[in-house]
2 protein chains.
Amino acid sequence: MKNKNLQFAVLATDVVLFTYQNGKLKVCLINVDNDYFKNMKGLPGGLILPNETAEDSVKRHMKDKAGIAIKETYIEQLYSFSKIKRDPRGRVVSVAYLALIPSEKINYKDGVEWVEVKKIPKLAYDHDEIVKIAIERLKSKIRYTNIAYGILPRSFRLTEMQNVYETILGKKLDKRNFRKKIFESGLIEETGKKESEGAYRPAMLYRFKNREVVFMDR
Amino acid sequence: MKNKNLQFAVLATDVVLFTYQNGKLKVCLINVDNDYFKNMKGLPGGLILPNETAEDSVKRHMKDKAGIAIKETYIEQLYSFSKIKRDPRGRVVSVAYLALIPSEKINYKDGVEWVEVKKIPKLAYDHDEIVKIAIERLKSKIRYTNIAYGILPRSFRLTEMQNVYETILGKKLDKRNFRKKIFESGLIEETGKKESEGAYRPAMLYRFKNREVVFMDR
DNA sequence: ACAAAAGTGTTACTCATACACCCATGC
DNA sequence: GCATGGGTGTATGAGTAACACTTTTGT
């Protein structure tokens, strides 16, 4: 660096990592316990190192702090937070990310908890605000992209998919209209296999055609 | 700061500042001339200081480098750029912003040029990428918000407004449909005044009801 | 045979699109 | 009276929303 005195801020990342489990949308939270935030929860995250991009940093922290296998996750940059007092320990500017993971890919670790979105407690730092923005982004983006691939298993029943949409959007959807729209979108295809859930009629299993973001027409 | 060796990156902001002038969408560019980028252009921007947020920083640089009166501008955060080599002089992470200004509020300064979007040359650093993302954001956001208030004068004719939309969206719109949609959106209201453009029938002048962002229904 | 989830079509309504002529004014 | 931009309505097609019953399977 040329000018030492320009270096003043710690640069960090935070991630709002969602999963869908037992019919509920959940967020990954870790324990926070320091002089300023006693026995609270917060988002996983940490510093950006000199030789990594913000995205590299998020992936590393997701792996280290939440035990997440990076390959399995959808990640997108959410927003950057730069309020001067957002971290009472010193000036920290944070680039926040939104990430999705199918629940069966989660590795559970001590100090890491998956909390239902509706039951998130008051969080440390400005993490409440970050989560709020992440939920809005997820809600709007699931409408016009295929990012649900990030939160559903590789192959899934359509009712499962509909449940994910209903939970994220926070409202019931009509089964026939949902299916029509999803089929017409061309985002998914049959796997050819069927799955029986307990004792009843087996359901066709589907998968996403693409595992990169696709925007729906318009 | 607690830990000196955590401080490695320079934090900066860049702004993609749009205006609409003579039927053209233009971007504010400044001269860049250093060891790495000879006689080129780039976006206005600069460092974030220890006592300012990213948004404070953008506003300050817009004022200093481009002579823009802050009060008149619409500003939103665009995206953060953290590629390690994006600035060859050293590690700089930049929070980019999108801003809009009505052309009559521009103060012209030496070394600052307003370049038609279609004619933007190769820019210094990663500023091409930033501009591209800004244009996409502007295109999509003008469809479902009232942010056009940031680029139109306080009061304006409807054809003027339609021209702004056509230029940003890059396509012709139907006059009657445009008017219908705008009126139904409830975003604007009559000022009660009329304006004659040259020798012909005077047009009703309108203004935006709100000068903060409003999202259209749906 | 029954319990449970899977699967399937039609109608009504709303919204977007396409399209052409008269109006008001200054010169 | 003419040139110019301002202003207006209707018809068609597309997409969204509402709605209920039959099918398949395991027990």
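Convention: sequence-line order gives letters A, B, ...; per-chain numbering from 1.
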Novice: Can you tabulate the close N/O pairs, meaning under 3.5 Å, that link protein atoms to atoms of nucleotides 22-27 of chain D?
Specialist:
{"unit_1": "D:dT23", "atom_1": "O2", "unit_2": "A:Arg201", "atom_2": "NH1", "d": "2.6"}
{"unit_1": "D:dT24", "atom_1": "O4'", "unit_2": "A:Arg201", "atom_2": "NE", "d": "3.4"}
{"unit_1": "D:dT25", "atom_1": "O2", "unit_2": "A:Ala199", "atom_2": "O", "d": "3.4"}
{"unit_1": "D:dG26", "atom_1": "O4'", "unit_2": "A:Ala199", "atom_2": "O", "d": "2.3"}

Novice: Walking along DNA chain C from 5' to 3', note the first and the last nucleotide with an atom under 4.0 Å from a heavy atom of chain B, and give both.
Specialist: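 Both ends considered, the range comes out as C:dT17 to C:dG26.
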Novice: If the condition is ring-ring contact (aromatic ring centres under 6.0 Å, His included), which residues does B:Phe156 pass it with, not counting sequence neighbours?
Specialist: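 For B:Phe156, the residues satisfying ring-ring contact (aromatic ring centres under 6.0 Å, His included) (neighbours in sequence not counted) are B:Phe208.
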Novice: With sequence neighbours excluded, tell me which residues meet salt bridge (charged side-chain N to carboxylate O under 4.0 Å, His left out) with B:Lys141.
Specialist: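 Listed in chain order: B:Glu76.
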Novice: My understanding is that only residues two or more places apart in sequence, or in another chain, count here; which of them pass salt bridge (charged side-chain N to carboxylate O under 4.0 Å, His left out) with B:Lys83?
Specialist: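 In terms of salt bridge (charged side-chain N to carboxylate O under 4.0 Å, His left out), with neighbours along the sequence ignored, B:Lys83 is linked to B:Glu129.
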Novice: Once salt bridge (charged side-chain N to carboxylate O under 4.0 Å, His left out) is applied, do any residues pair with B:Arg157, and if so which ones, sequence neighbours excluded?
Specialist: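 So B:Arg157 forms a salt bridge (charged side-chain N to carboxylate O under 4.0 Å, His left out) with B:Glu160, B:Glu195, B:Glu197.
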Novice: What donor-acceptor contacts under 3.5 angstrom involve side-chain atoms of residues 21-29 of chain B, with partners at least two apart or in another chain?
Specialist:
{"unit_1": "B:Gln21", "atom_1": "OE1", "unit_2": "B:Lys26", "atom_2": "NZ", "d": "3.1"}
{"unit_1": "B:Gln21", "atom_1": "NE2", "unit_2": "B:Tyr108", "atom_2": "OH", "d": "2.7"}

Novice: Can you name the ring-ring contact (aromatic ring centres under 6.0 Å, His included) partners of B:His127, sequence neighbours left out?
Specialist: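 ring-ring contact (aromatic ring centres under 6.0 Å, His included) list for B:His127, sorted by chain: B:Tyr125.
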Novice: B:Lys59: which residues meet the side chain to side chain contact (heavy atoms under 4.5 Å, CB included) condition with it, sequence neighbours left out?
Specialist: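 If we apply the side chain to side chain contact (heavy atoms under 4.5 Å, CB included) test to B:Lys59, skipping adjacent residues, the hits are B:Glu55, B:Ile70, B:Ile75.
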Novice: Please work out which residues in residues 151-179 of chain B have a non-hydrogen atom less than 4.0 Å from an atom of DNA chain C and list them by number.
Specialist: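 B:Asp174, B:Arg176, B:Asn177, in order of number.
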Novice: Taking only residues at least two apart or on different chains, which pairs with a member in residues 101-114 of chain A satisfy salt bridge (Lys or Arg N to Asp or Glu O under 4.0 Å)?
Specialist: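 Sorted pair list: A:Lys41-A:Glu113, A:Glu72-A:Lys105.
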Novice: Could I get the full list of ring-ring contact (aromatic ring centres under 6.0 Å, His included) partners for A:Tyr200, not counting sequence neighbours?
Specialist: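 If we apply the ring-ring contact (aromatic ring centres under 6.0 Å, His included) test to A:Tyr200, skipping adjacent residues, there are no hits.
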